[in-house]
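Below you'll find the structure, written out as structure tokens, and then a few comments.
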There are 2 protein chains.
Amino acid sequence: MKKENGKYLLCPMAKLQKIIAGKWKVYILWILAHQTIRYGELHRELAGITQSMLTKQLRELENDGFIIRHIYNEVPPRVEYALSDLGRTFVPILKDLNQWGQTHLK
Amino acid sequence: MKKENGKYLLCPMAKLQKIIAGKWKVYILWILAHQTIRYGELHRELAGITQSMLTKQLRELENDGFIIRHIYNEVPPRVEYALSDLGRTFVPILKDLNQWGQTHLK
DNA sequence: CTGCATCCCATTTGATACTG
DNA sequence: CAGTATCAAATGGGATGCAG
């Protein structure tokens with residue numbers, strides 16, 4: 001590992017950590033990694049999350065550039081969420097995390 | 001991805017997420033990934049963390065089986081921290097996270 | 001040097017009700 | 001259906017002082 005000014009280069013981890021720090025972020029990304037999904041279905045998959053929290057997490061992921069929100073002008077309203085290009089680059093890591101968890105956290 | 005009872009298998013991620021959720025956990029692991037280190041030096045590397053917080057995080061990582069605490073009966077007291085076998089299995093993921101951050105979070 | 005105890009604040013998360 | 005608003009609760013994190 002490289003050092004700089006005698007300190008470890010922790011910076012690259014900093015932003016990344018904030019992304020996966022939330023209680024639901026990785027779950028949301030993990031679901032979106034496999035499919036585009038509507039708000040309502042996402043809410044059902046994430047048993048336990050409240051609507052307000054889900055909305056908040058989705059907004060943050062959107063602002064961080066990880067996901068894309070597609071609004072259809074229909075009645076009833078329909079909104080779909082999908083990974084962005086950036087989000088897709090993160091999928092291999094999600095798979096590794098999942099694999100590690102299955103292997104080591106029995 | 002496999003489903004079970006109509007829900008995604010999020011469980012493997014659950015415990016893992018709690019480990020990396022803390023504000024300092026990944027940093028501590030990242031430093032320990034490269035060397036065994038004393039409490040004091042770790043405290044200096046992690047600029048900004050308070051002693052009580054560092055102690056707390058180290059205890060949690062120890063309880064989770066990620067790190068090992070080695071106490072030397074000396075005066076002045078000396079305590080060294082190192083990754084456990086389990087902790088070392090997590091190093092590749094830490095490297096991937098770091099690499100991803102450097103690539104995508106400029 | 002290592003690290004515990006106490007108090008305190010900020011942020012995060014949750015419960016509930018309501019709306020276009 | 002897909003949210004927003006409001007309030008309450010839990011948690012995380014920090015400041016400070018003390019101790020073996």
Side-chain angles (χ1 to χ4, degrees), chain A residues 6 10 13-32 35-64 66-83, chain B residues 6 10 13-32 35-64 66-83:
Chain A
L10 301 176
M13 299 278 224
K15 289 187 179 180
L16 183 52
Q17 202 223 346
K18 291 185 178 176
I19 292 157
I20 55 179
K23 187 174 174 181
W24 303 97
K25 298 278 181 70
V26 287
Y27 300 159
I28 294 172
L29 290 175
W30 184 235
I31 290 176
L32 292 183
Q35 66 178 305
T36 295
I37 192 171
R38 300 181 60 168
Y39 178 91
E41 192 178 355
L42 192 50
H43 189 211
R44 281 190 298 277
E45 293 289 350
L46 295 168
I49 195 173
T50 58
Q51 287 185 324
S52 55
M53 189 51 54
L54 176 55
T55 299
K56 186 186 167 195
Q57 305 284 307
L58 287 170
R59 289 292 178 286
E60 290 175 3
L61 286 171
E62 191 186 3
N63 289 335
D64 286 335
F66 276 72
I67 67 177
I68 290 176
R69 182 160 163 256
H70 197 145
I71 306 169
Y72 295 84
N73 272 330
E74 300 177 357
V75 178
R78 178 166 152 225
V79 180
E80 288 188 346
Y81 293 89
L83 290 186
Chain B
L10 300 176
M13 300 279 226
K15 290 187 179 179
L16 183 52
Q17 202 224 343
K18 291 184 178 177
I19 292 157
I20 55 179
K23 187 174 175 180
W24 304 97
K25 298 277 180 68
V26 287
Y27 300 159
I28 293 172
L29 290 175
W30 183 236
I31 290 176
L32 292 183
Q35 66 178 309
T36 295
I37 192 172
R38 298 183 60 170
Y39 179 89
E41 191 177 356
L42 191 51
H43 188 212
R44 282 191 297 277
E45 293 287 351
L46 295 168
I49 195 173
T50 57
Q51 287 185 327
S52 57
M53 191 50 54
L54 176 55
T55 300
K56 185 184 167 193
Q57 305 285 306
L58 288 170
R59 288 293 174 285
E60 291 176 3
L61 286 172
E62 191 186 3
N63 288 336
D64 287 333
F66 276 70
I67 66 176
I68 291 176
R69 183 158 161 256
H70 196 145
I71 306 167
Y72 295 86
N73 273 331
E74 300 177 357
V75 179
R78 177 167 152 225
V79 181
E80 287 187 347
Y81 293 89
L83 289 186

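First the proteins, then the strands, lettered A, B, ... as listed; each starts at 1.
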| query | Yes or no on side-chain contact (heavy atoms from CB on, under 4.5 Å) for A:Thr36 and A:Leu32, after CA distance, side-chain angles and deciding distance? | reply | CA-CA 6 Å; A:Thr36 295; A:Leu32 292 183; over 6 Å; no

| task | List the steps and the verdict of side-chain contact (heavy atoms from CB on, under 4.5 Å) for B:Leu16 and A:Val26. | result | CA-CA 10 Å; B:Leu16 183 52; A:Val26 287; over 6 Å; no

| task | Determine, step by step, whether A:Ile19 and A:Glu60 satisfy the side-chain contact (heavy atoms from CB on, under 4.5 Å) criterion, reporting the C-alpha distance in whole Å, the side-chain angles of both residues, the deciding distance to 0.1 Å, and the verdict. | result | CA-CA 9 Å; A:Ile19 292 157; A:Glu60 290 175 3; over 6 Å; no

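Nearest-nucleotide assignment on DNA chain C puts the 5′-proximal partner with B:Gly40, out of A:Trp24 and B:Gly40.
In terms of heavy-atom proximity, A:Ile20 sits nearest to B:Gln17 at O-NE2, 3.8 Å.
Legend: residues meeting ring pair (Phe, Tyr, Trp, His ring centres under 6.0 Å) with B:Phe66, ordered by chain and number and at least two apart, are A:Trp100, B:Phe90. Here B:Thr55 pairs with B:Tyr39, B:Arg59 under the side-chain contact (heavy atoms from CB on, under 4.5 Å) rule; sequence neighbours left out. Qualifying side-chain hydrogen bond (donor to acceptor under 3.5 Å, both in side chains) partners for B:Gln57, counting only residues two or more places apart in sequence or in other chains: none. Legend: residues meeting side-chain contact (heavy atoms from CB on, under 4.5 Å) with B:Thr50, ordered by chain and number and at least two apart, are B:Ser52, B:Met53. Looking at residues two or more places apart in sequence or on another chain, you find no salt bridge (Lys or Arg N to Asp or Glu O under 4.0 Å) involving B:Glu62.
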Distance-only check: which donor-acceptor pairs under 3.5 Å involve side-chain atoms of residues 68-81 of chain B, not counting sequence neighbours?
from	atom 1	to	atom 2	distance (Å)
B:Arg69	NE	B:Tyr81	OH	3.4
B:Tyr72	OH	B:Glu80	OE1	3.2
B:Glu74	OE2	B:Arg78	NH1	3.1
B:Arg78	NH2	B:Glu80	OE2	3.2

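In this structure, CH2 in A:Trp24 is found 10.5 Å from CG in A:Leu42, a value given to the nearest 0.5 Å. To the nearest 0.5 angstrom, A:Arg38 atom CZ is 8.5 Å from A:Arg44 atom CZ.
The overall bend of the helix from C:dC1-D:dG20 to C:dG20-D:dC1, read as the angle between its terminal helix axes built from five base pairs each, is 50° when rounded to 10 degrees.
Using a 4.0 Å heavy-atom criterion, one finds that A:Tyr72 contacts no nucleic acid atom at all.
Contact footprint of chain A on DNA chain D: nucleotides with an atom under 4.0 Å from a non-hydrogen protein atom, first to last in 5' to 3' order, D:dC1 to D:dA5. Of all nucleotides in DNA chain C, those with any atom nearer than 4.0 Å to a heavy atom of chain A start and finish, going 5' to 3', at C:dT13 to C:dG20.
Counting only residues at least two apart or on different chains, no salt bridge (charged side-chain N to carboxylate O under 4.0 Å, His left out) pair has a member in residues 14-24 of chain B.
Remark: B:Gln51, B:Ser52, B:Thr55, B:Arg59 in residues 49-59 of chain B come within less than 4.0 Å of DNA chain C through at least one heavy atom.
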